[in-house]
Amino acid sequence: VMGDAKFGAPESPSDKGSLVEGVIPASAIQALKPILSRIDGEAPVDITIRTRGAQFSTHGVKLTTRLVEGRFPPYGSIIPKQPKLLGIVNREWLKQSVRQASALLDKETRRVNLEFSPGKLRISANSLFGESDVVVSLEECTSEFKTSIDPFYLIPWIEQNKSGELAFHGTTPDRPMIATAANMLF
């Protein structure tokens, strides 16, 4: 998980009818990453969810955080209901191409443009330092589609996926695009 994590869980094991919903702050997720990287990948992590907070425990380490307060719109309402397949791209090619295209970006222009068309994905970026334009082979492209994304969110998602190919889905450029790999959604 790269940013805020949304969840729903019973308040306690005996209270299965009451669902506690919340958002775990991105800072807590970032704090968990080094803890989890130092332990055995098979070690259990106990997660306790309360009305206002969450606690993560493993190997004698406990991380407690308050939940982000407020009302949030249901994220499911912005995910396209019947997205079209825009194309399938090799994971390593995409990772290297996004890195190359974003090399000149500064903090003000943290955006790469993705242009899907039959047989190719064009990844481009413009900043005060220059322009970058990279073309990647694209399989099964069904339509033309243009969108922009922050590579500093996209690259870690690509890196943590172990499947060889990533698929992109969308409906129209004014709606969110979905990227999938194995059982992961971005």
side-chain contact (heavy atoms from CB on, under 4.5 Å) involving Ser148 - partner list, sequence neighbours excluded: Arg111, Asn113

Main-chain N/O of Pro44 paired to Thr58 side chain as donor or acceptor, under 3.5 Å: yes

Exam field: side chain Arg91 to backbone Ile158, donor-acceptor pair closer than 3.5 Å: yes

Leu138 reachable from Val135 in the ILVMFWY side-chain graph, under 4.5 Å edges: no

NE2-CZ distance between His169 and Phe145, expressed to the nearest 0.5 angstrom: 11.5 Å

For the student: nearest non-hydrogen atoms of Pro151 and Ser102, plus distance: CG-CB, 3.6 Å

Asp150 to Phe152 - nearest heavy-atom pair and separation: OD1-N, 2.9 Å

Full working for side chain to side chain donor-acceptor pair (under 3.5 Å) between Ser57 and Gln55: CA-CA 7 Å; Ser57 304; Gln55 180 174 314; 3.3 Å; yes

Residue pair Ile88 / Ala167: nearest heavy atoms and the distance that separates them: CG1-CB, 4.1 Å

Spacing of CD1 belonging to Ile29 relative to CD1 belonging to Ile24, to within rounding of 0.5 Å: 5.0 Å

Atom pair CG (Leu94) and CD (Glu165), whose distance is rounded to the nearest 0.5 Å: 11.5 Å

Thr65 side, atom OG1; Arg52 side, atom CZ - distance, nearest 0.5 Å: 14.0 Å

Atom pair CG (Leu114) and CD1 (Ile149), whose distance is rounded to the nearest 0.5 Å: 6.5 Å

For Glu159, salt bridge (Lys or Arg N to Asp or Glu O under 4.0 Å) partners two or more places apart: Arg99

Run the side-chain donor-acceptor check on residues 120-127: report pairs under 3.5 Å with partners two or more places apart or on a different chain.
| unit_1 | atom_1 | unit_2 | atom_2 | d |
| --- | --- | --- | --- | --- |
| Arg122 | NH1 | Asp133 | OD1 | 3.2 |
| Arg122 | NH1 | Asp133 | OD2 | 2.6 |
| Ser127 | OG | Leu104 | O | 2.8 |
| Ser127 | OG | Phe129 | N | 3.1 |

